[in-house]
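Some notes on the structure that comes next.
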Amino acid sequence: MLIPHDTRIALEVVVDLVNTAPESGQPEGGEPPDGLADTESLYAFAGRHRVSGVKELDEKDLRAVHDVRARFAEVFAAADAQVAASLVNTLVAAAGTTPQLSNHDGYDWHVHYFAPDASLADHLAADCGMALAFIIVAGETERLRRCEAPDCRQAFVDLSRNRSRRYCSSRTCGNRLHVAAYRARRREAAG
């Protein structure tokens, strides 16, 4: 599946956004904190993802981004493409999309879907919503997944060729489960 660079970046942003929610169930166990608990963490999120045009953020922006995050989580949980499409359509329409070509910060030409001077929530809803729309249009909604590790609910987009990825990270969740299964087999064989 060929995904344009700007779409791939927006997919990374939406996954990271969804995974900031406490209900994402970090692999360390326990009740994970909200990754966007305050405006400082919201600024950090925008900076980490080099979100352009971020101005002053306040509690209203934080609540709006939390709402967008919850709606994106619903897309990852959607039972089928019809439900996912309806959710994405609602998000993108509410953001007031205004497609425009842009080449900034060393990136070649790409499309921004958010309106000039859009809020951070609208920026995320528009750009990330359109990235998810790309996945839906390609008939690939099954690539929007949650980690299958029992103690992890992290979201991810399975970009493997054969759509076989099961864990948010093969190095952490995947490896941890494989080691546990190996040890269980060894105990069983020894007993």
Side-chain angles (χ1 to χ4, degrees), residues 1-21 24 35-36 42-55 64-65 67-147 154-171 174:
M1 179 170 163
L2 183 62
I3 300 176
H5 178 72
D6 54 321
T7 301
R8 187 176 296 268
I9 288 172
L11 289 171
E12 291 170 6
V13 172
V14 74
V15 164
D16 191 31
L17 179 62
V18 169
N19 289 338
T20 63
S24 292
L36 294 178
L42 189 57
Y43 276 114
F45 177 87
R48 185 169 61 249
H49 290 289
R50 300 172 66 189
V51 178
S52 60
V54 175
K55 295 180 175 55
V65 170
D67 182 54
V68 168
R69 175 179 71 181
R71 291 171 184 254
F72 281 140
E74 291 175 25
V75 173
F76 276 83
D80 57 40
Q82 188 67 41
V83 172
S86 177
L87 292 164
V88 169
N89 282 342
T90 300
L91 266 167
V92 170
T97 57
T98 307
Q100 55 188 319
L101 290 169
S102 180
N103 66 338
H104 60 87
D105 299 328
Y107 293 113
D108 204 358
W109 288 105
H110 57 282
V111 179
H112 282 249
Y113 295 97
F114 56 92
D117 297 321
S119 69
L120 178 58
D122 285 345
H123 180 134
L124 294 171
D127 270 6
C128 296
M130 290 307 296
L132 291 172
F134 177 86
I135 296 293
I136 295 166
V137 167
E140 302 284 355
T141 54
E142 73 276 358
R143 291 183 182 272
L144 304 177
R145 300 201 176 149
R146 292 287 188 160
C147 184
Q154 294 277 307
F156 66 93
V157 179
D158 178 5
L159 297 178
S160 66
R161 281 187 174 192
N162 61 359
R163 298 174 196 88
S164 63
R165 189 170 156 199
R166 298 175 49 210
Y167 307 110
C168 62
S169 169
S170 60
R171 289 186 179 158

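Looking at heavy atoms from C-beta onward, Leu17 lies in side-chain contact with Val65 at the 4.5 angstrom threshold. The closest side-chain heavy-atom distance from Val51 to Tyr43 is not below 4.5 Å.
Once rounded to the nearest 0.5 Å, the distance linking CG of Leu159 with CG of Leu11 reads 7.0 Å. For the atom pair CD1 of Ile135 and CE of Met130, the computed distance is 12.0 Å after rounding to the nearest 0.5 Å. With rounding to the nearest 0.5 Å, the separation of NE2 in His110 from CG in Leu101 is 9.0 Å. For the atom pair Ile9 CD1 and Ile3 CD1, the distance stands at 12.0 Å (nearest 0.5 Å).
When all heavy atoms of Val54 and Ala46 are compared, the pair lying nearest together is CG2-CB, 3.8 Å. Of all the heavy atoms in Thr97 and Ala126, the pair that sits closest is CG2-CB, 3.8 Å. Annotation for Ala10 and Ala131: closest pair CB-CB, 3.5 Å, computed over non-hydrogen atoms. Here the closest non-hydrogen pair linking Arg146 and Phe76 is NE-CB, 4.3 Å. The two residues Phe156 and Tyr167 make their nearest non-hydrogen contact at CE2-C, 3.7 Å. Here the shortest heavy-atom pairing between Cys128 and Phe72 reads CB-CZ, 3.5 Å.
In this structure Asn162 satisfies the side-chain contact (heavy atoms from CB on, under 4.5 Å) test together with Ser160, Ser164, sequence neighbours excluded. Residues passing the ring pair (Phe, Tyr, Trp, His ring centres under 6.0 Å) test with Phe45, sequence neighbours excluded: His49. The side-chain hydrogen bond (donor to acceptor under 3.5 Å, both in side chains) search around Arg145 returns Asp158, not counting sequence neighbours. Residues satisfying the ring pair (Phe, Tyr, Trp, His ring centres under 6.0 Å) test with Phe114, not counting sequence neighbours, are His112, His123. Residues meeting the side-chain hydrogen bond (donor to acceptor under 3.5 Å, both in side chains) test with Arg48, sequence neighbours left out: Asp16. The side-chain contact (heavy atoms from CB on, under 4.5 Å) search around Ala64 returns Ala121, not counting sequence neighbours.
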Less than 3.5 Å apart, which donor and acceptor atoms pair up between the side chains of residues 89-96 and the rest of the protein, not counting sequence neighbours?
unit_1 : atom_1 : unit_2 : atom_2 : d
Asn89  : ND2    : Ala85  : O      : 3.3
Thr90  : OG1    : Ser86  : O      : 3.0

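Within a 6.0 Å sphere centred on CD of Gln100, heavy atoms belonging to other residues, nucleotides or ligands number more than 12.
Listed by first and then second residue, the side-chain hydrogen bond (donor to acceptor under 3.5 Å, both in side chains) pairs involving residues 127-143 are Glu140-Arg143, Glu140-Arg163, Glu142-Arg163 (not counting sequence neighbours). Among pairs with a residue in residues 68-81, those fulfilling side-chain hydrogen bond (donor to acceptor under 3.5 Å, both in side chains) read Thr20-Arg69, Asp34-Arg69, Asp67-Arg71, at least two apart in sequence or across chains. Sorted by first and then second residue, the salt bridge (charged side-chain N to carboxylate O under 4.0 Å, His left out) pairs with a member in residues 81-92 form an empty list; sequence neighbours excluded. Applying the side-chain hydrogen bond (donor to acceptor under 3.5 Å, both in side chains) test to pairs two or more places apart or on separate chains, none has a residue in residues 2-15.
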